[in-house]
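First comes the structure, then the notes that go with it.
The figures that follow rest on heavy atoms only: side chains count, while hydrogens, waters and symmetry mates do not.
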Amino acid sequence: KLLKDIKLIKIPCVAPDVKLSWFVYVVELNDKYTIKDRDILINKMAQKGVSCSNYFPPIHLQPFYRKMFGFKPGDFPVTEKVSERTIALPFYNNLSLDNIAKTVSSLKTILNQ
């Protein structure tokens, strides 16, 4: 709920009749951002004490799929572009409200610089 008004990111959308078992919370920077921007943002979040990471690379670029099926960068350009803009935010069962607020505040500050 705290992220919904940040215009520079897309948050996960879950249909009302769907129940998810969350294991990670991933946001997507809007399409003006590049992989370099994403990596800078992750580093700035770390400097503020908020540990984030890029989400998984696309499955077709995982070593097994590259070797088994010959996939290479460029085979699925939309997937690759989205992957370059995703960030996994801190997310675990004992995450305090203070840490959630710090994560959101840090993200807003960095995006508005």
So [Y] and [X], do their side chains get closer than 4.5 Å, heavy atoms only?
{"X": "Met45", "Y": "Thr103", "value": "yes"}
{"X": "Pro58", "Y": "Phe71", "value": "no"}
{"X": "Pro73", "Y": "Leu61", "value": "yes"}
{"X": "Tyr33", "Y": "Leu8", "value": "yes"}

List the steps, then state whether side-chain contact (heavy atoms from CB on, under 4.5 Å) holds for Tyr25 with Leu95.
-> CA-CA 12 Å; Tyr25 195 86; Leu95 189 61; over 6 Å; no

Between [X] and [Y], is there a shared hydrophobic cluster once you connect ILVMFWY residues whose side-chain heavy atoms come closer than 4.5 Å?
{"X": "Ile40", "Y": "Ile110", "answer": "no"}
{"X": "Ile11", "Y": "Leu20", "answer": "yes"}
{"X": "Phe56", "Y": "Val78", "answer": "no"}
{"X": "Ile100", "Y": "Val14", "answer": "yes"}
{"X": "Val24", "Y": "Tyr92", "answer": "no"}

How many angstroms lie between [atom1] in [X] and [atom2] in [Y], if you round to the nearest 0.5 Å?
{"X": "Ile59", "Y": "Thr79", "atom1": "CD1", "atom2": "OG1", "value": "10.5 Å"}
{"X": "Leu29", "Y": "Arg85", "atom1": "CG", "atom2": "CZ", "value": "8.0 Å"}
{"X": "Ile35", "Y": "Ser83", "atom1": "CD1", "atom2": "OG", "value": "7.0 Å"}
{"X": "Asp5", "Y": "Lys108", "atom1": "CG", "atom2": "NZ", "value": "6.5 Å"}
{"X": "Asn99", "Y": "Ser106", "atom1": "CG", "atom2": "OG", "value": "10.0 Å"}
{"X": "Thr34", "Y": "Lys81", "atom1": "OG1", "atom2": "NZ", "value": "7.0 Å"}

Between Tyr55 and Ala88, what is the shortest heavy-atom contact and its length?
->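 Looks like CD1-CB, 4.4 Å.
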
Between Thr86 and Val82, what is the shortest heavy-atom contact and its length?
->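 Heavy atoms of Thr86 and Val82 come nearest at CG2-O, 3.3 Å.
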
Looking at Leu3, Val50, Val26, which hits side chain to side chain contact (heavy atoms under 4.5 Å, CB included) with Leu89?
->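 Exactly one pass, corresponding to Leu3.
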
Among Val27, Ile87, Leu107, side chain to side chain contact (heavy atoms under 4.5 Å, CB included) partner for Cys52 =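 The residue from Val27, Ile87, Leu107 that satisfies side chain to side chain contact (heavy atoms under 4.5 Å, CB included) with Cys52 turns out to be Ile87.
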
Counterpart residues, side-chain hydrogen bond (donor to acceptor under 3.5 Å, both in side chains), relative to Arg38 (two or more places apart) =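 Scan of Arg38 (side-chain hydrogen bond (donor to acceptor under 3.5 Å, both in side chains), adjacent residues dropped) gives none.
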
Check whether more than 12 heavy atoms from other residues, nucleotides or ligands sit under 6.0 Å from atom CZ of Phe91, and answer yes or no.
->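 Buried by this count: over 12 neighbours within 6.0 Å.
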
What residue among Tyr65, Phe69, Phe76 forms ring-ring contact (aromatic ring centres under 6.0 Å, His included) with His60?
->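 The ring-ring contact (aromatic ring centres under 6.0 Å, His included) with His60 is passed solely by Phe76 among Tyr65, Phe69, Phe76.
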
Just do the salt bridge (charged side-chain N to carboxylate O under 4.0 Å, His left out) check on Asp75 and Lys72 with the steps written out, would you?
-> CA-CA 6 Å; Asp75 285 346; Lys72 61 191 177 312; 3.0 Å; yes

